[in-house]
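Inspection log for the structure reproduced underneath, given as structure tokens.
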Amino acid sequence: MKSLIEGLNPQQREAVVYFDSPLLVLAGAGSGKTRVITYKIAYMVKELRVKPERILAVTFTNKAAKEMKERVERIIGQEAPVFVATFHSFCVRLLRAHAKRLGYSPNFLILDTEDKRRLIREILRDLNLDAERYSPSAIASVISNVKNGLYSEESMSVYYDRIKEILEIYNRRLKESNAFDFDDLLIYGRELLKDPELQRRYSNYFSYVLVDEYQDTNSLQYEIVRALTKEKGNICVVGDEDQCIYTWRGANIENILSFERDFPDARIIKLEKNYRCTKTILDAANAVIKNNRLRKGKVLFTDNPKGEPIRVFTAETETEEAKFVASTIKQLLKKGRSPSDIAVFYRTNSQSRVLEDALRREGISYQIVGGVKFYERKEIKDVIAYLRVALFETDTISLFRILNTPRRGLGTAVERELRLILQNEKNNFKALELLKERLPQKQRRAVSDLIMTLQNIREKLHSLPPYDLVKFIVVATGYEEFLRKEHPEDWESRMENVRELGNTLQEFAERERLTGEELYLEFLNTITLSSDQDELKDEEKVTLMTVHASKGLEFPIVFITGLEEGLFPHARSLDTSEEVEEERRLFYVAVTRAMELLILSRAKKRRVFGSLKDTKESRFLSEIPPHLLKEVKRKKAVKREQQEVTRSAVKGEKRPKIVFHEKFGKGIVRRVEGQGENAKVTAFFANYGEKTIVMKFLKILS
DNA sequence: CGCAGTCATTTTTTT
DNA sequence: AATGACTGCG
């Protein structure tokens with residue numbers, strides 16, 4: 001242990017061993033922040049004999065929480081059941097234990113974004129408001145902002161005149177379904193801690209509280225931290241004001257400032273030595289962030305070598321930009337780099353599509369973080385909805401989801417009827433029984449079948465292993481059949497997703513040693529709270545993600561794409577200087593993820609909403625000192641390869657050329673007309689017969 | 001009620 | 001470009 005601490009620099013070491021008063025660690029990017037936190041925990045357990053379970057470490061994602069635990073255990077060489085959690089998961093546990101005090105039952109549900117939107121849409125329909133003027137997504141965000149105290153109840157009516165009414169119904173519906181949305185978790189978690197007895201109990205229980213990514217906590221989270229440390233003030237928060245990228249969700253740089261105010265005897269330690277990036281990359285990052293006025297001001301330095309210059313590529317279109325990324329990656333791989341060393345960042349999720357296409361065409365395997373998450377896929381949500389309805393007699397949200405999925409002739413009219421019944425009868429099953437009585441023969445039959453199926457699932461909750469239960473659900477409800485019919489092109493991959501769900505569930509059950517209702521309840525809440533990064537695996541693949549999702553990660557080689565005014569910085573963030581500064585911090589985060597090589601790119605023309613638009617270079621590019629940059633020209637590698645095939649086909653070589661097409665799959669080249677990427681290739685595809693395709697849409701396999 | 005065709009909206013970032 | 005909501009017919 002001693003020798004391990006000696007491996008730290010003086011500031012890091014001091015941050016680890018300091019316990020005299022509340023501690024604020026201002027940790028620059030790549031300054032060994034995680035190291036400090038893990039060593040601090042290890043130090044407490046090993047040297048100060050603090051019980052691990054009495055240390056609370058709050059992180060930003062579940063993945064980070066898990067990693068932190070593992071690292072601590074590796075350092076001290078023994079199991080350390082440290083209480084690591086995210087703010088949300090911590091509140092879930094708090095709420096689970098004390099839900100009754102708030103008039104909720106402990107088996108509550110957590111609504112995800114889609115559930116929330118659906119519910120709002122329903123409410124709007126009930127109020128006869130048209131969804132044009134009242135967009136459900138916009139209302140969802142207003143509701144969230146109100147709940148987070150960003151708007152007062154008066155100011156929110158500026159956005160929508162009937163918002164107060166909507167909000168009231170929304171909250172009532174949530175309560176009736178025994179459900180919380182993401183914001184509620186924090187609100188009610190804090191509510192519980194307002195009770196003096198609970199507040200005392202928990203703040204006494206935890207010997208020490210650590211908060212990571214402190215710059216991105218909002219005022220609710222801050223209050224929770226305050227409540228937990230009231231008795232002892234044993235707290236350490238770690239953050240970097242230059243990496244605050246979530247103000248739109250209520251994160252507050254002020255928290256860093258108010259820390260000194262609320263904890264007057266607080267100690268502040270700055271970590272300014274960077275161990276991650278080359279000098280070139282760090283110089284660029286420093287130069288860019290210097291343009292922000294709202295910061296405490298620190299300048300990172302490093303002993304690392306200068307490294308390669310930052311590459312900049314200007315493409316004509318976004319397709320060409322993607323091609324450049326793909327071919328550069330291919331070269332890097334050829335040189336022996338591992339795919340897992342490489343990450344490609346973009347500002348908005350919509351940018352991923354072209355990049356994916358390009359990578360696929362080059363045969364580079366990639367994983368994508370974020371976007372449509374696994375648990376948000378329709379087939380997964382449908383199966384889960386069946387589980388939920390079987391489990392919870394009051395989950396009306398899920399009931400409506402599955403009522404007519406797969407189609408069983410229960411349309412809007414029946415839906416309306418059921419909604420009416422549910423106003424007086426909160427129990428799903430009883431409501432369905434009542435509904436049956438009011439329907440004509442054919443639909444009555446359908447409802448009967450549905451009830452039977454649901455009862456069947458209920459009975460098997462305990463007897464069948466999770467994997468088999470999932471299988472049973474898709475068969476018994478006719479869901480598999482439904483997929484096959486409705487999605488003839490991709491029902492197989494959808495079924496694959498469902499099987500994947502079964503596997504995950506099975507693994508979860510074995511790992512957590514849970515069964516029956518408890519198992520499904522835990523699982524459902526875990527997946528609702530799973531973050532983008534939680535899906536990230538250590539695979540031998542190139543990683544694609546938004547800049548937001550890259551927070552806290554590092555990669556030897558990083559691409560930042562779409563460096564154009566209006567995209568990065570985003571057009572929606574150009575109104576105020578505060579917004580532009582947040583975009584700049586976002587860019588700063590992106591740049592400082594790179595350890596060795598940074599590659600920046602942009603397109604002169606980009607397709608926005610289907611139409612081609614001219615773009616201007618991002619201001620952030622010009623904020624990097626030119627001597628750190630190196631303009632690169634497009635490599636001809638791809639073209640040469642294509643010409644190669646053209647030539648060989650023309651010469652009528654014996655060995656048949658095999659090509660690959662996105663939709664048609666592998667094909668054998670029959671004829672080629674013309675030259676280069678616009679050459680027309682006629683090839684025979686197993687399932688589609690002979691097709692003539694322009695060369696640039698084909699990948700050459702042999 | 002279900003379907004096919006039309007119209008409109010989408011792209012900020014996420015627990 | 002693509003997805004989803006809406007409309008009117010069978």
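Computed from a predicted model, the values in this text were never measured in an experiment. Convention: sequence-line order gives letters A, B, ...; per-chain numbering from 1.
Close to B:dT15, at under 4.0 Å from its OP1 or OP2, lies no side-chain N or O of A:Asn218. Using a 4.0 Å cut-off, some side-chain N or O of A:Asn349 falls inside it from OP1 or OP2 of B:dT13.
Atom CZ of A:Arg249 is separated from atom C1' of B:dT14 by 5 Å (rounded to the nearest Å). A:Asn404 places its CG atom 10 Å from the P atom of B:dC3, with the value rounded to the nearest Å. Whole-Å rounding puts the A:Lys605 NZ to C:dA1 P distance at 16 Å. What separates CE of A:Met545 from P of B:dT12 is a distance of 21 Å, to the nearest Å. As rounded to whole Å, 14 Å separates atom C1' of B:dT11 from atom CG of A:Leu574. At whole-Å resolution of the value, NZ in A:Lys116 and P in B:dT15 are 14 Å apart. Across the protein-nucleic acid pair, A:Lys613 atom NZ and C:dA1 atom P stand 13 Å apart, rounded to whole Å. Note: OH (A:Tyr588) to P (B:dT13) measures 24 Å, nearest angstrom.
Between A:Gln443 and A:Ser350, it is A:Gln443 whose nearest contact on DNA chain B lies nearer the 5' terminus.
Counted by atom type alone, A:Asn292 and A:Asp242 present zero donor-acceptor pairs between their side chains at under 3.5 Å.
In this structure, the ring of A:Phe87 has its center no less than 6.0 angstrom from the ring center of A:Phe90.
Both the sub-6.0 Å distance and the 45° axial angle are satisfied by A:Arg93 relative to the ring of A:Phe83. No cation-pi contact links A:Arg602 to A:Phe568, judged by a cut-off of 6.0 Å to the six-membered ring centre and 45° from its axis.
Evaluation of atom-type donor-acceptor distances gives no pair under 3.5 Å for the side chain of A:Arg572 against the base of B:dT13. Between the base of B:dT12 and the side chain of A:His570 there is no donor-acceptor pair shorter than 3.5 Å.
Residue-level contact check: A:Val608 touches neither bases nor backbone, having no heavy atom under 4.0 Å from any strand. Nucleic acid contact for A:Tyr246: sugar-phosphate only, since backbone atoms but no base atoms lie under 4.0 Å from a heavy atom of the residue.
Salt bridge status for A:Arg96 with A:Glu522: present, with a side-chain N to carboxylate O gap under 4.0 Å.
Here B:dC1 is the nucleotide among B:dT12, C:dA1, B:dC1 with the atom lying nearest to any side-chain atom of A:Val414.
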